Chemist: 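Before we start, here is the structure in question, set down as structure tokens.
Below, read A as the first sequence line, B as the second, and so on, with proteins coming before strands; counting in each chain starts at 1. This one's a predicted model, so the numbers in the text were calculated from it and none came from an experiment.
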Amino acid sequence: MRKEFLAAGRGGQGILILGHVLGLAAAKYTGLYVTGTESYDAETRGGDSRVDLIFTDSQDELDYFKVRSADIALFMYSDQLLKYRRLVGNEAIVFIDSSFHIPELRSSWQVYRVPYTDMAEEKLGTHVVANMIALGHIIRKTGLIDREAVISSIKEVVRKRWVSVDLKAFELGMELDP
Amino acid sequence: MRADYITTNIAIAEGAMAAGLMFYAGYPITPASDLFEYLASVLPSRNGVVAQFEDEIASINAVIGASWAGVKAMTATSGPGFSLMVEGLGLAIITEAPLVVVDIMRAGPSTGVPTKATQSDVYQVRFSSHGIYSIPVLVPWSAQEGFDLAVKAFNIAERLRTPVVLLSDAVLAHAWEKVSLRSSEEIQVVNRKKPKNLEEGMFPFKPENDLVPPMPCFGEGFGVKVESLSHDERGWYAPDNETYKKLVWRLVKKIENNMSLIWDSERYFTNDAEYAIVAYGSVARPAYAAVKEFRREGYKFGLYRLKTLWPFNDRDVANSLRKIKKVFVVENNEGKMYREIARSVKSAEVISVPLINLEVPPPEEIEEAVKEWL
Amino acid sequence: MALTRVIAEHPLSKYLVNERLPHAWCPGCGLGITLGAILRAVDRKVREGKIDIKKLVLVSGIGCSARASFYVRFDSAHTIHGRAIPFATGAKLANPSLEVIVFGGDGDIAGIGGNHLIHAARRNMDLLVFMVSNLVYAMTGGQVAPTTPTGLFTTTTPYGNPERPINVVKLVASQNPNYVARASATHPALIEQYTYRALGMEGFRFIEVISMCPEVFGRHIGYNDPVSLYKAIKSKTRVKARPSLDEADYDWNHGWVLGEFIIKNNPGYLRTTGRWRA
Ligand SMILES: Cc1ncc(C[n+]2csc(CCOP(=O)(O)OP(=O)(O)O)c2C)c(N)n1
Ligand code: SF4
């Protein structure tokens, strides 16, 4: 098994945290191997923010660090979707925050458009947990990592005062069924 | 053993602590600073010392002083800092002080691109200090190997009374991976030989059969003489030819003759291979992907990966590649280790594939470059 | 090099590697006098049970002065030019039970190693540093040193030194260490007295020792024998019990004030980092 996951958005959208939660969940709470790289612009807010994660069930399948043909992708903003869509495989499952304008999509993709950001604002009173709604949604639709593993990882990665709202957001994502 | 999701920098710090690290001195530099910061937060609670010095020169000299005071000591830096450490490295070599220097390569010359990787220091770490010597240099290709080779680096340093360089790079430094962290009880930890009696302690440079002298340290009552000048077995200055020759030959041979303790390499798909890529460090990762892609396309490719760069094991390299027709040496520099490979492999055509890329050359770039020669 | 032979047991032979004597310093050099005075202070401390000789380490860099590491019987390290202070710092931090002395020339300590000196003083690092100011780079044959007074001739200032000398006492004092003194090889009793006080004290301690290098300093400026250089330097020194820093001026024409400029008892680096062991 080998799965490539790409998440991209603007700085401040919690892309790096989402990546860290997934990476730790796989490494610590499942038998999977994982490689993750982050890239972000120097100015943390507004600039590009991208996480590449590669999950495998054998060490031997881990090679290059970066995603070349994502099986699963999340785009939290339209600019990054345009910029990185060449890295998304034809058969990919693609999650897109529809709170923002959505450019043209590849027809072979299985696409989920959800206004994660607006939903976070409406249901939980803050846009900053949009990433966790998206994460829940991804886990629900792809089964990439065991739900319990992700929950344990969230508790470990996010700051204490955010844990309960992040978990709520995650569960909200798990319940999404569009 | 516990699994965690950490960067190679943190994995190296963890490996060093498992091996018994008790002293770290450093000076901030990208991409090594977070290793330093991590140790600053965790080592004191294990009774170790972490201190920031005024520069890299001070850092390595403090590490040597700590080593002679009897503890396992380390520093980490990148090319510009390593340049400043070079003279101190020579002091560690001639006084046979066990210690580890982590060099996390970035793009040079000079300030270059601080945050990005190349493999430009492979000669610097081996040859840049003046004089006649040999120094072990280990190159990890993953966070897991960052941990494993940090342990090995300390074990070699202690076993052979030598500085050891652990050579990582900016890409590996900040790649997050699953790492199995083992505790000191779960790994083999080697400690320096100590003098068995007062008489032995008076000769800090008198080797045993393995060419390695037991190490008396400060405060143990031996009146030890640490000497940067050419010296006899007591550590007394001796500028005569015989003593000098004996000393530097021993410094070289205690490393080269103990090749089996130091050298390691790995082969992937080489059994039936006609072609092989030789790579090391971060570049071996996309090279491995390229080899798999070549195999899918029907080309019989294998990968030969160096886990040790120095001392260079001509024999293992020649043997491992003896059935190969064409050998491609892929590296993120102008073709440095190619010279060593070409020198040792007489049975195949050896081709340099220098791919300078601040992001590490992706597999496609390697495939494309190699295909030109097929 | 030395013309005399050791004929009877030296009173300090306990502390000396006698097999390496006679030492290599020139006749009339201030270094032997200085080391002898320091060892007498060490001996007093050892006999009083205040220092364990097994825990004493002398660290030096490179230079004529640095050769002191050859001759002491206790642990010593002859390291590289300018780097004795960081080496000593590492040893002290790694094993706080050591009493670590640094001994070096003015070039070693204040020239190439000047930055380390400033920062060790700033940290109030638990070290005792001796800087022997012979006003020249002696080992390499008499080139200008950072301490060489303006106007004097050296091999690299054949028209007279155009630069001003560094005032290391003031420089170190500005970092607020625990002890700063200036002595001279013309006054060995002072060296012994200051060393005796500074040994075993907490924090950073600095003792400058003005010294004579008749071989490659004196001869360049017209003192053709050791005695005339000794007399010249002696005539330029004035001893004061507790001089103020304003009196620490450094000038060939007006000479030097010797004395203890700073004596404090602030917590040293080891104490502030929770590692102090008395
Ligand atoms: C890096 C380096 N540069 C230059 C030298 C050459 N060198 C040896 S001793 C010395 C200066 C000695 O002067 P000082 O420290 O004042 O000691 P002195 O000999 O006067 O006691 C120099 C420049 C060296 N050993 N290392
Ligand atoms: S050259 Fe000068 S400092 Fe060196 S030993 Fe001779 S007199 Fe002393």
Side-chain angles (χ1 to χ4, degrees), chain B residues 22-25 27 44 47-73 75 84-92 94-95 97 99 129 201-202 204 216-229 231 234-237, chain C residues 15-17 19-20 24 52-62 66-67 69-100 102 112-120 122-123 125 127 269-270 273-275:
Chain B
M22 288 304 268
F23 183 91
Y24 181 96
Y27 188 80
N47 251 331
V49 175
V50 177
Q52 181 169 325
F53 278 76
E54 50 275 17
D55 54 32
E56 288 86 349
I57 300 174
S59 302
I60 189 156
N61 282 284
V63 165
I64 302 166
S67 179
W68 272 103
V71 308
K72 296 190 184 179
T75 183
L84 290 188
M85 290 186 182
V86 159
E87 191 199 20
L89 198 63
L91 177 65
I94 200 165
T95 64
L99 55 89
S129 202
M202 308 283 279
C217 289
F218 296 149
E220 295 173 349
F222 296 112
V224 57
K225 294 278 153 281
V226 179
E227 184 54 80
S228 69
L229 288 161
H231 49 260
R234 296 168 295 186
W236 292 17
Y237 177 39
Chain C
Y15 303 102
L16 292 166
V17 183
E19 308 89 301
R20 289 183 94 169
D52 177 359
I53 196 73
K54 285 186 179 171
K55 300 291 178 190
L56 190 62
V57 186
L58 183 145
V59 181
S60 68
I62 297 295
R67 293 279 169 111
S69 64
F70 285 17
Y71 307 117
V72 296
R73 212 188 215 0
F74 42 88
D75 290 338
S76 70
H78 188 225
T79 68
I80 46 180
H81 194 30
R83 315 305 168 199
I85 288 177
F87 182 104
T89 302
K92 177 70 181 173
L93 291 180
N95 182 354
S97 72
L98 301 173
E99 171 67 0
V100 186
V102 171
I112 191 168
N115 199 36
H116 307 310
L117 174 69
I118 295 169
H119 289 281
R122 171 180 67 78
R123 295 181 186 110
M125 183 57 63
L127 296 175
Y269 185 90
L270 279 140
T273 53
R275 295 176 61 80

Chemist: If I measure from the heavy atoms of chain C, does F53(B) come under 4.5 Å with its side chain, its backbone, both, or neither?
Modeler: both

Chemist: Tell me, side chain or backbone of V100(C) under 4.5 Å from chain B's heavy atoms, or both, or neither?
Modeler: neither

Chemist: Taking only residues two or more places apart in sequence or in another chain, which ones pass side chain to side chain donor-acceptor pair (under 3.5 Å) with E56(B)?
Modeler: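 Counting only residues at least two positions away or on another chain, E56(B) forms no side chain to side chain donor-acceptor pair (under 3.5 Å).
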
Chemist: Select one option (side chain, backbone, both, neither) describing which atoms of R83(C) are under 4.5 Å from chain B's heavy atoms.
Modeler: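 Contact with chain B is through both the backbone and side chain of R83(C).
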
Chemist: So which part of V63(B) gets closer than 4.5 Å to some heavy atom of chain C, the side chain, the backbone, both or neither?
Modeler: neither

Chemist: Just wondering, are more than 12 heavy atoms of other shown residues or ligands nearer than 6.0 Å to CZ in F222(B)?
Modeler: yes

Chemist: Which of these passes side-chain hydrogen bond (donor to acceptor under 3.5 Å, both in side chains) with E54(B): R123(C), R122(C), H119(C)?
Modeler: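 So, applying the side-chain hydrogen bond (donor to acceptor under 3.5 Å, both in side chains) to E54(B) and each of R123(C), R122(C), H119(C), only R123(C) qualifies.
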
Chemist: Taking the inter-plane angle between the rings of F218(B) and F87(C) on a 0 to 90° scale, is it parallel (under 30°), tilted (30 to 60°) or perpendicular (over 60°)?
Modeler: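 Rings of F218(B) and F87(C): perpendicular, as their planes differ by over 60°.
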
Chemist: Heavy-atom distance under 4.5 Å to chain B: side chain of F74(C), backbone, both or neither?
Modeler: backbone

Chemist: Quick check against the 3.5 Å criterion: does K92(C) have a side-chain atom that pairs as donor or acceptor with the backbone of L98(C)?
Modeler: yes

Chemist: Is the number of heavy atoms from other residues, nucleotides or ligands under 6.0 Å of K55(C) NZ greater than 12?
Modeler: yes

Chemist: Select one option (side chain, backbone, both, neither) describing which atoms of A25(B) are under 4.5 Å from chain C's heavy atoms.
Modeler: neither

Chemist: Need one label for E220(B): side chain, backbone, both or neither, based on atoms under 4.5 Å from any heavy atom in chain C.
Modeler: backbone

Chemist: Need one label for I62(C): side chain, backbone, both or neither, based on atoms under 4.5 Å from any heavy atom in chain B.
Modeler: side chain

